[in-house]
Amino acid sequence: MAPPGGDSETLMQQIVRQNQQMAEQNARLMVLLERFGIQEGSGSGRSSSNPEFIIESLASNIHEFSYDPDNGQVFDRWYRKYEDLFLKDGAKLDDAAKVRLLLRSLSVNVFDRYVNFVLPKHPREFTFEETVKKLKELFSIRISLFSKRYQCFQLTKNDADDYVTYAGKVNKACEDFELNKLTPDQFKSLVFICGLRSTKDADIRTRLLSKLETNADEDCKLESLITECQRLQNLKHDTAMVEKKHT
């Protein structure tokens, strides 16, 4: 026969044991939460106290960058897609952490080419802004401002494009044109050079393009281009005269 109160004591022991187990589980859970920088009730699971956790979370939303210019896979286009992720979503990351996140998002071939380019320095020695700039220089197609403006003049609608697609191309081409930075004198010079399409003007056209590109931030007046054309014509005439004299 069980002693009086035996059942109640056994039940009490079970309750105490269950409370102890729950306390141990809660303690282990708190350790895990603190380890990953998650604050109770945060909901999103992010915390500024653990940058590595933020990096892992952001990295899962970034598609790896592989350089393939023939198919339009260039760095400036890729970075434009993820720029807000680095600067806004990753705002709590310090500069070094952003660099790590960016570099781990590169394919092996792209990463190796970048590392070899910056030798003897280590990639961690550059700021995030410097890293982005170098990657744009290495893995983007460099197009001159004149080329962008000339392509804008040549833009036409393809039969396969709808009007929305065509409007998007026009809008981008006009933005690349940088019309707000173009002075009247630069526009006149641009039209003047675009009209020099004869093979006879090939050398002069090349020199004028170089002059226009060099003075992109200054007023390149039409008169100066005419002066340059006359100078180049005189040089060609003098060169031909010397060649003729020695034959």
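Start at 1 with the first residue, then count along the sequence.
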Can you check whether [X] reaches [Y] side chain to side chain, under 4.5 Å on heavy atoms?
| X | Y | result |
| --- | --- | --- |
| Leu58 | Asp89 | yes |
| Leu155 | Val170 | yes |
| Asn158 | Thr165 | no |
| Val99 | Thr127 | no |
| Leu208 | Cys229 | yes |

Separation of [Y] [atom2] from [X] [atom1] (nearest 0.5 Å):
| X | Y | atom1 | atom2 | value |
| --- | --- | --- | --- | --- |
| Ile62 | Leu85 | CD1 | CG | 4.5 Å |
| Arg197 | Arg205 | CZ | CZ | 9.5 Å |
| Ile193 | Leu209 | CD1 | CG | 5.0 Å |
| Glu223 | Asp185 | CD | CG | 7.0 Å |
| Ser189 | Leu225 | OG | CG | 4.0 Å |
| Thr183 | Lys188 | OG1 | NZ | 9.5 Å |

Between the main-chain N or O of Thr206 and the side-chain N or O of Ser210, is there a donor-acceptor pair closer than 3.5 Å?
-> no
Can you check whether Thr227's main-chain N or O pairs, donor with acceptor, with Gln230's side chain at less than 3.5 Å?
-> no
Quick check: closest heavy atoms across [X] and [Y], and the distance to 0.1 Å?
| X | Y | answer |
| --- | --- | --- |
| Leu101 | Ser105 | O-OG, 2.8 Å |
| Pro123 | Val115 | CG-CG2, 4.0 Å |
| Glu178 | Arg149 | O-NH2, 3.5 Å |
| Ser107 | Ser66 | CB-OG, 3.5 Å |

For [X], is the [atom1] atom crowded, meaning more than 12 foreign heavy atoms sit under 6.0 Å from it?
| X | atom1 | answer |
| --- | --- | --- |
| Lys157 | NZ | yes |
| Asp159 | CG | no |
| Arg207 | CZ | no |

Considering residues at least two apart in sequence or located in another chain, which fulfil the salt bridge (Lys or Arg N to Asp or Glu O under 4.0 Å) criterion with Glu129?
-> none
What ring pair (Phe, Tyr, Trp, His ring centres under 6.0 Å) pairs are there with at least one residue in residues 168-187, not counting sequence neighbours?
-> Phe153-Phe177
Is there any ring pair (Phe, Tyr, Trp, His ring centres under 6.0 Å) pair reaching into residues 104-143, and which pairs are they, with sequence neighbours excluded?
-> Tyr67-Phe139, Phe86-Phe128
All side chain to side chain contact (heavy atoms under 4.5 Å, CB included) counterparts of Asp68, not counting sequence neighbours | Asp70, Asn71, Gln73
So Glu228 and Arg231, salt bridge (Lys or Arg N to Asp or Glu O under 4.0 Å) or not? Walk me through it.
-> CA-CA 5 Å; Glu228 183 69 8; Arg231 187 183 73 83; 2.8 Å; yes
Electrostatic pair Arg80:Glu83 at N-O distance under 4.0 angstrom | no
Can you list the steps and then say if Glu64 with Leu106 is a side chain to side chain contact (heavy atoms under 4.5 Å, CB included)?
-> CA-CA 6 Å; Glu64 183 181 77; Leu106 307 178; over 6 Å; no
Should Asp76 and Leu135 be marked as a side chain to side chain contact (heavy atoms under 4.5 Å, CB included) after you check the CA-CA gap, both sets of side-chain angles, and the distance that decides it?
-> CA-CA 8 Å; Asp76 53 354; Leu135 288 171; over 6 Å; no
Apply side chain to side chain contact (heavy atoms under 4.5 Å, CB included) to Phe75 and Ser140, showing your working.
-> CA-CA 5 Å; Phe75 182 79; Ser140 295; 3.8 Å; yes
Report whether Leu235 and Leu196 are members of the same hydrophobic cluster (ILVMFWY, side-chain heavy atoms less than 4.5 Å apart, transitive linking).
-> yes
Applied to residues 95-123, the salt bridge (Lys or Arg N to Asp or Glu O under 4.0 Å) test, sequence neighbours excluded, yields Glu52-Arg100, Glu56-Arg104
Scan for salt bridge (Lys or Arg N to Asp or Glu O under 4.0 Å) pairs involving residues 163-173, sequence neighbours excluded, and state none if there are none.
-> Asp161-Lys169, Lys172-Asp176
Check the pair Lys134, Val118 against side chain to side chain contact (heavy atoms under 4.5 Å, CB included), reporting the backbone distance first and the verdict last.
-> CA-CA 9 Å; Lys134 290 182 181 297; Val118 300; 4.1 Å; yes
